[in-house]
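Notes for the one structure printed next.
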Amino acid sequence: MPELPEAETIARGLHAAIAGQRVQRVRVHREEVVEPMTPAAFRRALTGRRVQSVSRRAKWIVASLDDGARWVTQLRMTGRFTWNPPSALRTEPHLSISLLLDGTQGGGVLRFYDIRRFGRVWVLDPAGWSALDARLGIEPLSREFSRRSLAGLLDGSRAPLRNVLLDQKRVAGLGNVYANEACYLAQLDPRRLAQDLDESEIERLHRAIKTVLRSAVERRGTSFSDYRDILGGEGEFQNDLEVYGRSGEPCRRCGGAIARIVLAGRSAFFCPGCQH
DNA sequence: CCCCTCACCTGATCGC
DNA sequence: TGCGATCAGGTGAGGG
């Protein structure tokens with residue numbers, strides 16, 4: 001389940017692998033991955049372009065191209081990149097896109113796989129990129145993400161805290177794993193209405209979001225099921241999970257059993273003993 | 001506007 | 001053994 005730390009790890013790996021290289025060939029194996037673009041338009045926009053840099057915005061991978069366009073990828077549930085030495089482009093199960101890149105370091109083949117086919121890959125002009133960027137909320141690891149800004153995002157919301165943390169228009173980049181982990185770290189019940197948090201609870205939540213995301217980035221993400229980096233490596237944060245996927249297991253703080261409930265159709269995990 | 005539910009997908013797992 | 005039901009969750013559309 002790629003969230004911010006997984007996207008960050010992939011973006012860093014891609015930057016190291018392909019920054020400065022030129023796109024020689026593009027194959028779109030499954031048309032829906034570029035919708036609403038057509039495969040022909042996607043190939044045209046990417047072929048011959050030099051990749052200047054690769055970074056991350058929320059859960060999106062963003063590559064800047066030498067003509068000012070952005071090549072963006074939304075991994076959704078099972079999207080995955082692989083980077084391998086140059087070879088002929090071939091079809092494979094679950095393979096959505098293949099790119100042949102060439103550069104001074106020899107180039108290679110970048111492949112995008114997506115078992116569940118939710119992922120999307122587009123090339124956006126500056127206006128298209130601005131529109132996408134504008135509908136995403138604040139970056140939780142940025143300087144701008146202050147206690148005050150978090151308070152503003154929670155204010156007036158009658159939704160459960162866990163649901164608000166999943167809303168990409170407010171804080172961008174948290175998914176179900178890190179939203180639940182942040183609530184645990186802040187010792188806040190995920191069912192609490194966002195608008196009911198007091199000043200000190202917001203301060204705890206703010207610190208918890210930063211802490212959990214920073215350590216997950218440091219650990220190269222959570223390989224709970226499908227997630228791998230571009231060289232096939234697993235993250236390590238699954239060993240640090242306190243509540244996600246641990247229903248019935250003992251809380252490492254109080255020893256009580258971790259509970260699982262459903263909020264807005266998604267599992268929420270928490271410790272009834274120490275989250276209030 | 002706000003919040004919730006559902007659909008989109010496939011593979012893993014579970015019960016019979 | 002096989003088969004159907006269920007579950008996993010990021011996101012956008014639609015509805016109350």
Side-chain angles (χ1 to χ4, degrees), chain A residues 1-11 29-37 56-62 72-81 91-97 112-122 124 128 131-137 139-140 152-183 190-197 212-213 216 221-228 235 237-238 241 243-248 258-270:
Chain A
M1 293 142 260
E3 306 178 22
L4 185 155
E6 292 75 28
E8 178 69 28
T9 303
I10 289 169
H29 304 276
R30 290 204 294 215
E31 297 195 6
E32 82 267 5
V33 74
V34 298
E35 281 175 0
M37 295 186 80
R56 174 196 63 74
R57 170 76 170 106
K59 301 171 190 172
W60 293 74
I61 312 293
V62 184
V72 302
T73 302
Q74 188 180 39
L75 302 162
R76 293 277 188 115
M77 300 300 304
T78 54
R80 182 177 160 192
F81 281 106
T91 58
E92 270 179 86
H94 309 312
L95 180 58
S96 292
I97 289 181
F112 181 70
Y113 299 85
D114 189 10
I115 293 172
R116 288 167 72 177
R117 307 204 277 179
F118 290 157
R120 287 295 177 268
V121 183
W122 299 324
L124 301 175
L132 172 58
D133 182 52
R135 66 164 216 257
L136 294 168
E139 283 289 331
L153 295 167
L154 301 178
D155 188 38
S157 171
R158 279 175 297 279
L161 180 57
R162 200 289 315 258
N163 298 2
V164 172
L165 294 179
L166 291 178
D167 182 354
Q168 302 300 297
K169 292 188 294 298
R170 300 188 211 215
V171 181
L174 291 169
N176 205 29
V177 174
Y178 300 110
N180 281 287
E181 293 295 316
C183 289
R191 298 168 292 187
R192 289 277 300 282
L193 299 194
Q195 66 178 4
D196 291 347
L197 268 56
V212 73
L213 290 177
T222 300
S223 289
F224 200 77
S225 51
D226 299 274
Y227 163 72
R228 298 292 184 276
F237 197 75
Q238 60 274 16
L241 296 175
V243 287
Y244 186 85
R246 296 191 68 235
S247 58
I258 302 299
R260 174 189 172 274
I261 58 170
V262 174
L263 291 176
R266 300 283 175 250
S267 291
F269 300 91
F270 67 104

(Q) Can you identify which nucleotide, out of B:dC3, C:dG12, B:dC4, has its nearest atom closest to the A:Arg135 side chain? (A) C:dG12

Q: Tell me which nucleotide among C:dT11, B:dT5, C:dA8 gets nearest to the side chain of A:Ser267.
A: C:dA8

Q: Calculate the interatomic distance between A:Lys169 atom NZ and C:dA13 atom C1'; express it in whole Å.
A: 12 Å

Q) In whole angstroms, how far is the C1' atom of C:dG10 from the CZ atom of A:Arg162? A) 12 Å

Q: Begin with the C-alpha distance, continue with both residues' side-chain angles, and end with the deciding distance and a verdict on side chain to side chain donor-acceptor pair (under 3.5 Å) for A:Arg116 and A:Thr78.
A: CA-CA 6 Å; A:Arg116 288 167 72 177; A:Thr78 54; 5.5 Å; no

Q. How close or far is atom P of C:dG12 from atom CG of A:Asp167, stated in whole angstroms?
A. 10 Å

Q.
Distance check needed: B:dC1 P versus A:Gln195 CD, whole Å only.
A. 18 Å

Q.
At 4.0 Å (heavy atoms only), tell me whether A:Pro93 reaches a base, stays on the sugar-phosphate, or touches nothing.
A. nothing

Q) Who passes salt bridge (Lys or Arg N to Asp or Glu O under 4.0 Å) against A:Glu31, sequence neighbours left out? A) none

**Q.** Side-chain (A:Glu181) to main-chain (A:Val243) donor-acceptor, under 3.5 angstrom
**A.** yes

Q.
Under 4.0 Å, heavy atoms only, any strand: does A:Arg170 hit a base, just the sugar-phosphate, or nothing?
A. sugar-phosphate

Q. Taking CG from A:Leu263 and P from C:dA8, how many angstroms apart are they, rounded to a whole number?
A. 13 Å

Q | Donor-acceptor contact below 3.5 Å, side chain A:Arg170 vs main chain A:Val164 | A | no

Q) So, does A:Arg120 use its side chain to make a donor-acceptor pair with the main chain of A:Glu32 at under 3.5 Å? A) yes

Q) Of the nucleotides C:dT11, B:dC4, C:dG10, which one has an atom closest to the side chain of A:Met77? A) C:dG10

Q) What pairs with A:Arg76 under salt bridge (Lys or Arg N to Asp or Glu O under 4.0 Å), at least two apart in sequence or on another chain? A) none

**Q.** Interatomic distance where CG belongs to A:Leu166 and P belongs to C:dT11 [whole Å]
**A.** 9 Å

Q: Map A:Arg266 and A:Asn163 onto DNA chain B by nearest heavy atom, then report which one ends up closer to the 5' terminus.
A: A:Asn163

Q. Along nucleotides 9-14 of chain B, 5' to 3', which nucleotides get a B, which get an S, and which get a -, given that the test is a protein heavy-atom distance under 4.0 Å?
A. BBS---

Q.
Would you say that A:Trp60 contacts A:Leu132 through its side chain, given a criterion of any heavy-atom pair below 4.5 Å between the two side chains?
A. yes

Q. Reckon A:Gln74 has a side-chain N or O less than 4.0 Å from the OP1 or OP2 of C:dG10?
A. no

Q | Side-chain N,O (A:Lys59) to OP1/OP2 (C:dT11) below 4.0 Å | A | yes

Q) For A:Leu154 and B:dC3, what is the distance between atoms CG and C1' respectively, to the nearest whole Å? A) 15 Å

Q) In whole Å, what is the span from the CD1 atom of A:Ile61 to the C1' atom of C:dG10? A) 14 Å

